[in-house]
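For reference, the structure discussed in these notes is given below.
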Amino acid sequence: MNELMESYDKLTGGLYGLLIGDALGVPYEFHAAKEIPPYEKIEMTPPAGFWRAHTGIDAGTWSDDGAQALCLLDSIVTCGKFHLKDFSDRLLAWYEEGKWAVDGMVFDVGVQTGEALNAYRLGMPPEECGFLRPDGKGNGALMRVLPLALWHRGTDKELVLDAHSQCLITHGNPCNQVCCALYCLVARALLVGADFRKALQKACSSLRDIYSKMPEYEQELEWSIRPDLPWEGKGSGYVVDCLRSAFMIMEHAASYEDAVKRAIMLGDDTDTTACVTGGLAGISFGFHGIPERWYCALRGTADVEALWKRALAAFVLKKDNRTENA
């Protein structure tokens with residue numbers, strides 16, 4: 001596989017890995033780990049007799065995770081940079097009108113996200129909405145941030161600051177910002193061919209350098225995320241646990257399928273854990289490594305393909321401009 005094809009494979013794998021992981025996890029949400037079907041039975045349509053979450057939602061439908069990630073991708077491709085107000089407007093359009101939701105149906109909204117977007121609709125600046133719950137540390141910003149890493153061609157610090165900013169509209173707590181920053185740096189390292197362990201090591205080192213002059217963020221990295229401890233997680237909606245769960249799985253994943261199935265087997269917040277894990281696994285194993293049966297079962301792909309063509313053109317143009325200006 002030549003360099004251009006490999007880059008396309010990783011980029012496309014990241015986006016579809018996120019969407020497919022989310023859709024795969026939707027029917028298993030809210031179940032304890034012991035209630036999840038056996039590994040070999042985890043599919044878009046759960047086995048007969050399993051009580052699925054979100055009854056009435058067709059198999060292969062992504063949730064708020066995927067829709068918000070597509071809002072972010074749409075915003076950065078349209079604006080040519082991360083623009084908080086434009087992104088916030090698109091999130092509000094998702095919340096009120098179903099933008100980027102399959103069939104325009106919004107069926108899963110976090111409490112903190114709903115409160116923040118309602119405040120934004122009433123005129124609160126986007127920089128303030130994510131602090132309505134100052135201690136809110138749900139995974140609602142982490143689940144959508146990957147398109148930023150796929151698109152970004154700036155320095156590590158510039159990527160980190162944009163990862164921080166995209167949190168502000170719904171999840172402003174610095175802990176959320178740091179989780180998104182670390183996730184983006186890991187994705188960036190994977191995109192240039194590092195294996196997962198090396199990508200994680202490189203990302204932690206870079207983030208520590210960046211945060212050496214940002215003490216509040218450095219404290220969150222060292223005291224909340226604790227990168228020197230073994231990566232262990234339980235698949236919950238707490239942002240640190242979600243990040244740690246994804247990293248724990250990726251350290252040992254044998255394939256994309258293995259990664260997202262193990263994410264779902266943790267139970268609880270299965271769609272988001274599989275979404276966050278699936279984005280990284282999609283980069284690591286490439287689009288060609290995603291099971292065809294899952295891609296074929298994913299709904300709403302026609303609209304995604306149109307956006308993705310725009311995105312790839314923007315990625316290539318941005319890369320060419322960066323080369324010319326070097």
Side-chain angles (χ1 to χ4, degrees), residues 10-11 14-15 18 68-69 71-73 75-77 79-88 91 126-127 129-131 136-194 196-228 231 239-240 242-244 246-247 250 276 279-280 283-284 314-315 318-319 322:
K10 287 181 176 294
L11 288 166
L15 179 66
L18 177 159
Q68 290 187 40
C71 286
L72 177 58
L73 179 62
S75 178
I76 57 181
V77 170
C79 296
K81 62 179 180 178
F82 177 74
H83 190 288
L84 180 59
K85 184 179 186 305
D86 184 85
F87 174 51
S88 301
L91 284 186
E127 295 86 355
C129 294
F131 292 97
K137 298 178 184 179
N139 53 19
L142 179 63
M143 68 190 191
R144 69 188 183 219
V145 74
L146 182 63
L148 193 62
L150 300 180
W151 163 84
H152 218 286
R153 296 296 182 271
T155 65
D156 281 0
K157 184 174 182 180
E158 289 168 340
L159 173 57
V160 164
L161 294 179
D162 279 346
H164 289 178
S165 294
Q166 72 87 32
C167 294
L168 298 180
I169 178 62
T170 57
H171 293 74
N173 187 282
C175 182
N176 304 318
Q177 297 183 42
V178 174
C179 286
C180 289
L182 181 55
Y183 183 82
C184 282
L185 290 178
V186 170
R188 164 168 281 187
L190 292 174
L191 284 167
V192 296
F196 180 76
R197 290 177 184 270
K198 289 182 180 178
L200 182 53
Q201 182 180 31
K202 181 179 180 181
C204 288
S205 176
S206 180
L207 198 56
R208 279 171 161 152
D209 286 344
I210 292 166
Y211 285 164
S212 64
K213 296 181 180 179
M214 302 172 71
E216 180 182 12
Y217 290 94
E218 181 181 41
Q219 178 175 307
E220 287 294 343
L221 177 64
E222 303 300 345
W223 292 12
S224 296
I225 299 174
R226 302 192 176 190
D228 293 328
W231 296 99
V239 65
V240 174
C242 183
L243 184 74
R244 287 187 139 271
F247 288 176
M250 286 299 301
V276 171
L280 298 179
I283 298 172
S284 292
F315 295 157
K318 193 173 181 67
K319 184 176 182 180
R322 183 174 171 81

Heavy-atom pair of closest approach, residues [X] and [Y]:
X: C175; Y: N173; answer: N-OD1, 2.8 Å
X: C184; Y: A163; answer: SG-CB, 4.1 Å
X: F82; Y: S165; answer: CE2-CB, 3.6 Å
X: P174; Y: E216; answer: CG-OE2, 3.2 Å
X: L72; Y: L148; answer: CD2-N, 4.1 Å
X: A149; Y: L191; answer: O-CD1, 3.8 Å

| query | Considering residues at least two apart in sequence or located in another chain, which fulfil the ring pair (Phe, Tyr, Trp, His ring centres under 6.0 Å) criterion with F247? | reply |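 Result, ring pair (Phe, Tyr, Trp, His ring centres under 6.0 Å) vs F247: F196, W231.
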
So does [Y] get a backbone contact from the side chain of [X], meaning a donor-acceptor N/O pair under 3.5 Å?
X: R153; Y: W151; answer: yes
X: S205; Y: K202; answer: no
X: N176; Y: G136; answer: yes
X: R244; Y: R226; answer: yes
X: Q68; Y: L91; answer: no
X: R208; Y: L221; answer: no

First locate atom [atom1] of [X], then atom [atom2] of [Y], and finally report the distance between them rounded to the nearest 0.5 Å.
X: L146; Y: L15; atom1: CG; atom2: CG; answer: 8.0 Å
X: E127; Y: L84; atom1: CD; atom2: CG; answer: 5.0 Å
X: L142; Y: C179; atom1: CG; atom2: SG; answer: 6.5 Å
X: F131; Y: C167; atom1: CZ; atom2: SG; answer: 9.0 Å
X: C71; Y: Q166; atom1: SG; atom2: CD; answer: 12.0 Å
X: K157; Y: L185; atom1: NZ; atom2: CG; answer: 13.0 Å

Report yes if some heavy atom in the side chain of [X] is under 4.5 Å from a heavy atom in the side chain of [Y]; otherwise report no.
X: L190; Y: V186; value: yes
X: V276; Y: N139; value: no
X: R144; Y: T170; value: yes
X: K137; Y: V240; value: no
X: C129; Y: L168; value: no
X: H171; Y: V239; value: no
X: Y183; Y: L280; value: yes

| said: Tell me whether Q201 at atom CD has more than 12 heavy atoms from other residues, nucleotides or ligands lying less than 6.0 Å away. | reply: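 Not buried by this count: 12 neighbours or fewer within 6.0 Å.
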
| Pairing residues for E218 by the side-chain contact (heavy atoms from CB on, under 4.5 Å) criterion, not counting sequence neighbours |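 Y211, E222.
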
| field | Test side chain to side chain contact (heavy atoms under 4.5 Å, CB included) applied to L150 and I283, step by step | value | CA-CA 9 Å; L150 300 180; I283 298 172; 4.0 Å; yes

